There are 2 protein chains.
Amino acid sequence: MTSILLVDDEVALLRTLSMNLRARGYEVLTAESGEDALARVRRDSPDVVILDLGLPDISGVEVLRQLRGWSTVPVIVLSARHGSDDKVEALDVGADDYVTKPFGIDELLARLRAAVRRSGSVDAATVESGDLRIDLAGRRIWRDSEEVRLTPTEWGLLAALVTRPGRLVGQRQLLQEVWGPAYERETNYLRVYMANLRRKLESDPSRPRHLITEPGMGYRFLT
Amino acid sequence: MTSILLVDDEVALLRTLSMNLRARGYEVLTAESGEDALARVRRDSPDVVILDLGLPDISGVEVLRQLRGWSTVPVIVLSARHGSDDKVEALDVGADDYVTKPFGIDELLARLRAAVRRSGSVDAATVESGDLRIDLAGRRIWRDSEEVRLTPTEWGLLAALVTRPGRLVGQRQLLQEVWGPAYERETNYLRVYMANLRRKLESDPSRPRHLITEPGMGYRFLT
DNA sequence: GAAGGGCGTCAAGGCTCCGTTAAGAACCGT
DNA sequence: ACGGTTCTTAACGGAGCCTTGACGCCCTTC
């Protein structure tokens with residue numbers, strides 16, 4: 001089944017669109033803020049994202065920019081602004097389509113079908129980084145063109161870092177995302193699994209170039 | 001260099017667009033009728049087609065329909081008609097985008113860039129892989145040039161994997177797609193049917209080269 | 001210089017998950 | 001109705017993953 005992530009802060013629009021999409025056999029996920037949207041793409045990897053530009057926290061364009069750092073999921077942008085500049089910016093940042101409000105539901109659905117149809121033939125979103133190549137959607141990873149296999153927990157931890165390239169991710173947040181809220185204090189896990197990842201991914205695990213420790217705070221992934 | 005086929009019968013528009021595109025480094029081909037357009041795609045295989053719907057001989061939608069019989073080139077449709085039905089029809093016949101006249105040249109260029117960016121690969125109806133040949137449309141499969149028969153469930157499972165070559169497909173997703181949403185938890189089925197498939201398709205079922213297990217996550221098909 | 005916190009490393013045990021098999025149930029065409 | 005095929009279900013053994021605790025090192029702090 002095709003899954004759609006619907007990102008909008010207008011609850012009314014969210015509900016009517018959800019109903020329409022579900023009635024047509026799509027699985028619908030929703031988010032009402034930018035951070036929320038990024039987290040859901042990270043966790044649920046939907047097939048298409050419909051993204052309203054007017055969000056309460058981060059701007060929609062910023063969401064798109066961050067997303068494009070590690071994902072090629074098709075994004076259809078919704079906006080109340082008709083200006084040419086807004087369209088150009090969104091499309092150039094990586095939107096696949098741009099629909100201005102108010103829009104006909106039929107048109108949106110047709111553009112959605114077009115996006116889904118195309119998405120089958122697009123190749124994987126890979127994060128390239130010198131000796132590392134990471135295919136997040138396909139869950140594959142190569143080091144020096146040799147494939148490396150990771151366990152589920154190792155993947156969870158790596159993905160939490162790679163989807164925020166270069167940024168510091170706190171220990172508490174990592175533990176929450178990978179092991180669950182009840183494990184906030186188990187920093188042991190982080191040490192063990194960071195060691196596992198480094199042994200598999202770094203050419204010199206004692207001197208990591210990608211998986212960096214920030215003492216007392218957390219870790220970050222450098223490309 | 002990226003080549004664009006511009007299809008329009010208004011010579012004025014053709015000229016201004018051509019100039020704009022050439023100034024931005026595109027190679028521009030032109031056609032002023034539907035037959036002409038089809039011929040040029042056949043001969044020159046452009047990277048993107050910009051297609052006006054109002055053509056003198058064949059309707060633009062008909063051009064698109066014929067094109068989609070043998071080509072997956074991205075097509076951006078231009079039209080003076082704002083009606084929702086027209087957009088829906090064009091998009092469903094296979095257009096990648098739909099722009100209504102009058103349009104800002106900047107917007108068209110941005111949509112063009114988006115189309116070029118997306119255009120990556122093609123999807124094949126048959127998958128070849130050393131000792132395996134799979135005809136997805138015809139539901140037939142050969143191993144070492146000998147045809148193998150699969151049961152309906154075996155086909156469903158194999159197809160769910162083969163249509164995403166190399167990518168990990170989660171257990172939950174496989175169960176949903178093949179058996180239905182109510183069977184999300186029945187991982188037994190996966191084990192039994194993966195064993196069946198391996199016995200039929202792998203030369204050494206105990207050491208699979210195509211149907212790979214990712215413990216705790218799911219399975220993937222390697223070509 | 002000593003103490004302590006934070007981090008990396010390692011190894012062992014428990015336990016989940018996977019592959020395999022087989023037998024009965026359901027389904028199909030004849 | 002019958003024979004054959006396909007699907008469901010359950011049980012078992014083994015491989016590999018997660019958890020856990022102990023230990024040593026480095027850096028900071030007192």
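Computed from a predicted model, the values in this text were never measured in an experiment.
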_Within residues 158-187 of chain A, residues whose heavy atoms come under 4.0 Å of DNA chain C_ = Q171(A)

_For T151(B) and R149(A), find the nucleotide of DNA chain D closest to each by heavy atoms; which residue's nucleotide sits nearer the 5' end?_
T151(B)

*Take the protein atom CZ of R191(A) and the nucleotide atom P of dT9(C), then report the distance between them rounded to whole Å.*
12 Å

_Letter per nucleotide, 5' to 3', of nucleotides 22-30 of chain C [B base touched, S only sugar-phosphate touched, - untouched; heavy atoms, 4.0 Å]_ = ---------

*Between the side chain of R220(B) and the main-chain N/O of G166(B), is any donor-acceptor distance below 3.5 Å?*
yes

*Residues within residues 194-221 of chain A bordering DNA chain C, heavy-atom distance below 4.0 Å*: A195(A), R198(A), T213(A), P215(A), G216(A), Y219(A)

_Among dC7(D), dT9(D), dC18(C), the one nearest Y189(B) by side-chain distance_ = dT9(D)

*Which comes earlier along DNA chain D counting from the 5' end, the contact point of N188(A) or that of E154(B), where each point is its nearest nucleotide?*
E154(B)

*Quick one: sort the Y193(B) and W179(B) rings into parallel, tilted or perpendicular, breaks at 30° and 60°.*
perpendicular

_Under 3.5 Å side-chain donor-acceptor pair for T126(A) and R133(A)_ = no

*Only one of R185(B), E186(B), R191(B) forms a side chain to side chain donor-acceptor pair (under 3.5 Å) with N188(B), so which one is it?*
R191(B)

*Do E10(A) and K101(A) sit within salt-bridge range, that is, some charged N less than 4.0 Å from a carboxylate O?*
yes

*Identify the heavy atoms of R209(A) and E202(A) that sit nearest to each other, and give their distance.*
N-OE1, 2.9 Å

*Between dT6(D), dT20(D), dC17(D), which one does the side chain of P152(B) approach most closely?*
dT6(D)

